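These notes are about the structure you will find just below.
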Amino acid sequence: MVGRMGVPLLDLRAQFGPIRDDVMAAIARVCDSQLFILGAEVEALEAELAAMLEVDHAIGVSSGTDALLVAMMALGIDRDDEVITSTYSFFATAGCIARLGARPVLVDIDPATFNLDPTAVASAITPRTKAIVPVHLFGQSAELEPILETAARHGIPVIEDAAQAIGARYKGRAVGGIGRVGCFSFFPSKNLGAFGDGGLVTTNDPALADTVRLLRGHGMRPKYYHHAIGGNFRLDALQAAVLRVKARHLAAWTAARQVNAARYRALLGPAAAAGHLALPPEAPDRVHIYNQFVVRARDRDGLRRHLTELGIGTEIYYPVPFHAQPCFADLGYAPGAFPAAEAAAAESLALPIYGELTDEQLQTVAGAIDAYYAR
Ligand SMILES: *Cc1c(COP(=O)(O)O)cnc(C)c1O
């Protein structure tokens with residue numbers, strides 16, 4: 001039955017059901033107040049998330065993209081600067097660099113973890129390098145220590161793109177508070193999702209936090225006196241109220257994703273041993289929060305078609321690395337420049353991993369994968 005009904009990649013309705021009353025009460029509270037911009041709900045969320053993420057400052061913003069943009073603006077990233085990041089991530093990571101007139105200097109990934117290769121980062125440094133942006137892709141921290149060492153040696157900041165990694169840990173520390181600044185997204189499909197767009201900037205640097213707050217509201221302090229050219233990067237009170245309810249459940253939701261990942265490891269072990277799949281590795285010094293469970297698959301496109309026919313949702317994160325995107329043609333990277341990222345783009349497949357999946361659904365996915373390689 002479950003097989004015929006299919007398994008969606010993500011079903012947010014399953015998560016909403018049990019928290020519906022609390023969320024509706026929070027929304028009603030904002031409606032009754034008619035205070036929609038920043039205010040007490042946003043301030044409360046910022047305090048609660050700062051405690052959860054073990055940072056001194058958390059600043060609610062309008063999206064994960066705007067978190068990256070305003071963090072880079074606050075650090076003074078400007079025209080003709082260079083910013084090093086992975087060629088294999090969601091577009092916003094490199095898009096924000098380019099929007100500021102700076103040059104995204106792309107590096108290849110570690111083929112095992114999909115995260116940027118620290119050795120390649122060190123080799124990409126030039127006198128123009130103004131920041132390094134490691135991405136904690138799919139919910140597992142990048143190899144931060146060598147990246148932090150490179151950054152410290154050159155006196156430049158590390159901006160953590162933690163959009164997919166809220167609650168992930170590296171050597172005992174929460175991501176987002178390890179570099180100079182951390183950027184999170186509350187896009188609905190992230191582990192902590194709003195009812196629309198939202199984001200967060202985290203830092204332990206009080207001066208930087210103050211600049212981010214200033215830039216979030218058009219550089220205005222007090223009203224109609226502008227000290228810097230910022231933007232409208234504000235988080236809505238409605239989103240903050242929803243997120244405050246959801247944040248209380250995040251640890252349990254993450255644990256359920258981790259249980260599902262462990263179950264996939266058991267169920268897909270034979271397919272991996274037979275060389276059909278590579279399962280995502282979990283480094284011993286990290287806590288992976290499984291925003292995505294991404295495997296590498298032999299004949300990935302054929303497998304994906306087979307799963308789609310059975311009603312099993314999958315996604316390709318990401319089919320085209322930055323260096324091969326039409327909008328970045330002027331960066332001048334040749335096809336084949338980053339072989340590990342290109343191989344990942346051709347082989348990676350995200351399987352359903354959300355916490356409310358039943359064991360029967362996980363078995364359906366694994367059974368369908370086995371059936372594909374058995375025929
Ligand atoms: C989702 C995401 C972003 C952007 O977040 P939005 O809230 O969608 O703007 C940035 N970087 C990465 C790695 C992401 O996954």
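Quantities reported herein were computed from a predicted structural model and do not represent experimental measurements. Whatever order the structure lists them in is the order used to number ligands and atoms, beginning at 1.
Not counting sequence neighbours, the partners of F91 by the ring pair (Phe, Tyr, Trp, His ring centres under 6.0 Å) test are F328.
Residue L137 does not touch ligand 1, judged by heavy-atom distances below 4.0 Å. With a 4.0 Å cut-off on non-hydrogen atoms, V135 touches ligand 1 through its side chain and not its backbone. Of all the heavy atoms of D161, the ones lying under 4.0 Å from any atom of ligand 1 belong exclusively to the side chain.
When each of Y318, Y88, F338 is checked for a ring pair (Phe, Tyr, Trp, His ring centres under 6.0 Å) with H323, only F338 meets the rule.
Electrostatic pairing of R213 and E46 counts as a salt bridge here, judged by a charged N lying under 4.0 Å from a carboxylate O.
The shell of residues lying under 4.0 angstrom from ligand 1, judged by heavy atoms, includes K190.
Judged purely by distance below 3.5 Å, without hydrogens or angles, the side chains of Q164 and H136 never pair a donor atom with an acceptor atom. For E82 and T126, the side-chain atoms include at least one donor-acceptor pair closer than 3.5 Å.
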Inset, instruction - Kindly indicate, with the supporting measurements, whether the criterion salt bridge (Lys or Arg N to Asp or Glu O under 4.0 Å) is fulfilled by R263 and D359. - result: CA-CA 8 Å; R263 188 73 179 118; D359 198 66; 2.6 Å; yes
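Note: no N/O pair closer than 3.5 Å links D66 and ligand 1 by distance alone. Residue contacts with ligand 1: G64 is placed with a nitrogen or oxygen under 3.5 Å of a nitrogen or oxygen of the ligand (distance criterion only).
Applying the 4.5 Å side-chain rule to ILVMFWY residues, one finds that L214 remains a lone member of its cluster.
Atoms of ligand 1 found under 4.0 Å from any heavy atom of T93 (numbered from 1 in listed order, with element): 11 (N). Near S89, with a cut-off below 4.0 Å to any heavy atom, the atoms of ligand 1 are 13 (C).
Taking atom 9 (O) of ligand 1 as the reference point, the nearest protein heavy-atom neighbour is T65 OG1, 2.5 Å. Atom 15 (O) of ligand 1 has Q164 NE2, 2.7 Å as its closest protein atom, hydrogens excluded (heavy atom only).
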